[in-house]
Amino acid sequence: MTHDPADLTVDDYLDGAREMAAARPFLAHLLAEEAARRVDDPATARSIRAQYTDPTTDRG
């Protein structure tokens, strides 16, 4: 099945991020970042980004 990425919605990207969160956190972060870029409301974009932080910067 082939999808045109232009046809994907914010919800599609967030669904993918949720599915990838445990197994592939960096991919989840990238999907969430794309979702955040596609929303018009800055507060919503910040919320999305806060839920899926970049796992490469979370090293203690």
Side-chain angles (χ1 to χ4, degrees):
M1 179 165 43
T2 304
H3 292 283
D4 181 355
D7 293 338
L8 296 174
T9 66
V10 170
D11 287 334
D12 292 330
Y13 282 101
L14 289 175
D15 287 345
R18 280 189 285 277
E19 289 176 18
M20 294 293 145
R24 305 254 189 239
F26 188 70
L27 179 55
H29 163 72
L30 293 175
L31 291 165
E33 183 61 33
E34 184 58 30
R37 278 194 281 260
R38 290 172 177 250
V39 296
D40 294 327
D41 179 36
T44 301
R46 281 191 301 275
S47 174
I48 291 169
R49 288 182 174 109
Q51 292 175 58
Y52 297 95
T53 58
D54 183 348
T56 62
T57 61
D58 290 342
R59 296 180 185 162

Distance (rounded to the nearest 0.5 Å) between Arg37 CZ and Glu34 CD: 4.5 Å
Search all heavy atoms of Phe26 against all heavy atoms of Thr56 and return the closest pair with its distance. CD1-CG2, 4.1 Å
Identify the heavy atoms of Asp12 and Asp7 that sit nearest to each other, and give their distance. OD2-O, 4.2 Å
Would you say Leu8 ends up clustered with Leu31 if hydrophobic residues are merged whenever their side chains have heavy atoms under 4.5 Å apart, either directly or through other cluster members? yes
Do you know the tightest heavy-atom contact between Ala32 and Ala17? N-CB, 4.1 Å
Tyr13-Leu30 co-clustered via ILVMFWY side chain contacts under 4.5 Å: no
Donor-acceptor pair between Thr9 and Asp11 side chains, under 3.5 angstrom: no
When clusters are formed by joining ILVMFWY residues with side-chain heavy atoms under 4.5 Å apart, either directly or through shared neighbours, do Tyr52 and Leu27 land in the same one? no
More than 12 heavy atoms of other residues, nucleotides or ligands under 6.0 Å from CZ of Arg24: is that the case? no
Taking every non-hydrogen atom, the tightest pair across His29 and Thr53: ND1-C, 3.6 Å
Check whether more than 12 heavy atoms from other residues, nucleotides or ligands sit under 6.0 Å from atom CG of Asp41, and answer yes or no. yes
For Pro25 versus Pro55, what's the shortest heavy-atom pair and its separation? C-CG, 3.8 Å
